[in-house]
**Student:** 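Please read through the structure below; I'll follow up with questions.
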Amino acid sequence: MTTYRTGTVSIGANATSLSGTGTAWASSGVRPGDMLLLAGNIVPIASVNSNTGITLARPWPGAAQSGANYDILLIDDDVRTLVAANLLLQQLTNGTLTSLAGLTSAANKMPYFSGANVMALADLTAEARSLLASTLLSRSGNNLVTPSNARLTGGVVTESPSDTTPNRLLKVGDGGLLQPSTSNGIQIDDANLATVSGSFRTVAATLNLPFSSQQFGILDVRTGHSSGVVHQYWAPNYAGGTSGYFVMYARKLSGSTGTWTDWARFLTSANTTVDSNGFVKAASPILRLFGDGSIEEPVQPTGAEVARVSAGLYQISGTLGLAQDGWQIEVPRDHNGNILRHVATAWAAGVLTVTVSEPLWDNGRWVAGDPIDVPAGRWIDIRLHEEPVEEPEPEES
């Protein structure tokens, strides 16, 4: 064995960083595994960082040294090889090689650890070998990356929009779920046949909907165990409905009787309003007319303009007049249900004139007395006419 002792060294107590002055460790062949001899102590070298820097394999056990003479014992290659072989044998003779040697090799088998130093054989099929050799999967950090056109096929994924086979992966779009924004969804022709969970598209010709519609809608289907099937239906618009809004219905298929309940309609702020007396009423465009001529539009903007001409006299423009079906006017009432104002209307030249008067009881009916404004803090509900808006069917993609 040879030694290297050029220059001097310095190190702190319990330190692992050895620095040299006038040394050339890296270029002189000092390597990890060589031994530092200094002040009566021997410490193995973990790494040679430069000509003047070494990291020891364990902390320096002696006192701090500065500008001290030293020796590095350079271990021969044959000694290194023998040490490495002994270390490898020690690691392999802990039961691993014995366990591996106890297996009987066979075609299409692969050894694996079933416990500590316990090995067994597993099948290695042609499909598994093909997957291991495939370049379709690559690794990027913690992610597995596939080509943009890679697809799962076969029995592992759903094979059609209505495939309900258990334990299959659901493809985007199947069952009506996660439809892309450019898609019209899965069209269904008879709502009574929709008994599989998913979201489906309806058209005017779809049977057994709540009403006959010229618009498309969305049928959401959910199934349970013994509870049967639940339908929720959304329609963005319908004949005689409110433009720009939607209606919602629900019904249930009984799991015990196999019959559908009637469709039940949801009441929302889009199709109802609360009048001046606190009652919920059906709504299309609604105006709340206050005594000073100001208005509120609780359902949707109407574009109406109101002018208070004089006490109790108001003119409303920019509308189509009063609703042509259902209720039209709701007036404030007292706690006994008696009207607090008498209201009369007239329609001419696109202007709705509203006349508010003191109510007088005359021969069994209310008649108009002197003109008077709407009471403070109350309002008159005026339901306006609206032409149905026919929204075109989306084009098939």
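The chain is numbered in sequence order, starting from 1. On a predicted model such as this, the values are computed, not experimentally measured, just so you know.
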**Student:** For A63, does its backbone N or O pair with a side-chain atom of W60 as donor and acceptor, under 3.5 Å?
**Tutor:** yes

**Student:** Do I11 and L56 have side-chain heavy atoms sitting under 4.5 Å apart?
**Tutor:** yes

**Student:** Indicate the atoms forming the closest heavy-atom contact of L209 with Y233, along with that distance.
**Tutor:** CD1-OH, 3.6 Å

**Student:** Which distance, rounded to the nearest 0.5 Å, do you find between the CG of L207 and the CG of N192?
**Tutor:** 8.5 Å

**Student:** Main chain of A26, side chain of N51: is a donor-acceptor contact present, judged purely on distance under 3.5 Å?
**Tutor:** yes

**Student:** Sub-3.5 Å donor-acceptor pair from the side chain of R378 to the main-chain atoms of V331, do we have one?
**Tutor:** no

**Student:** Do you know the tightest heavy-atom contact between L340 and P359?
**Tutor:** O-CD, 3.4 Å

**Student:** I'd like to know if the side chain of R58 reaches the main chain of V43, judged simply by a donor and an acceptor atom lying under 3.5 Å from each other, with no hydrogens or angles considered.
**Tutor:** no

**Student:** If I compare all heavy atoms of S19 with all of W25, which pair ends up nearest, and what's the gap?
**Tutor:** C-CH2, 3.8 Å

**Student:** Only one of D34, T16, I72 clears side-chain contact (heavy atoms from CB on, under 4.5 Å) with I54; which?
**Tutor:** I72

**Student:** When rounded to the nearest 0.5 angstrom, what distance separates CG in N108 from CG in D123?
**Tutor:** 8.0 Å

**Student:** Determine whether a donor-acceptor pair (N or O, by modelled atom type, separation under 3.5 Å) exists between the side chain of N336 and the backbone of N338.
**Tutor:** no

**Student:** For the side chain of R383 and the backbone of W327, is there at least one donor-acceptor N/O pair under 3.5 Å apart?
**Tutor:** yes

**Student:** Can you check whether A250's main-chain N or O pairs, donor with acceptor, with Q232's side chain at less than 3.5 Å?
**Tutor:** no

**Student:** Hey, is the main chain of T259 close enough, under 3.5 Å, to the side chain of S254 for a donor-acceptor pair?
**Tutor:** no

**Student:** Which distance, rounded to the nearest 0.5 Å, do you find between the CG of L37 and the OH of Y70?
**Tutor:** 11.5 Å

**Student:** State whether the side chain of W263 and the backbone N or O of N208 hold a donor-acceptor pair below 3.5 Å, judged by distance alone.
**Tutor:** yes

**Student:** Counting C-beta onward and ignoring hydrogens, is there a side-chain heavy-atom pair between T345 and L322 closer than 4.5 Å?
**Tutor:** yes

**Student:** Among T353, D373, T355, which residue satisfies the side-chain contact (heavy atoms from CB on, under 4.5 Å) criterion with Y314?
**Tutor:** D373

**Student:** Would you say the side-chain atoms of R80 pair up with the backbone N or O of I75, donor to acceptor, closer than 3.5 Å?
**Tutor:** yes

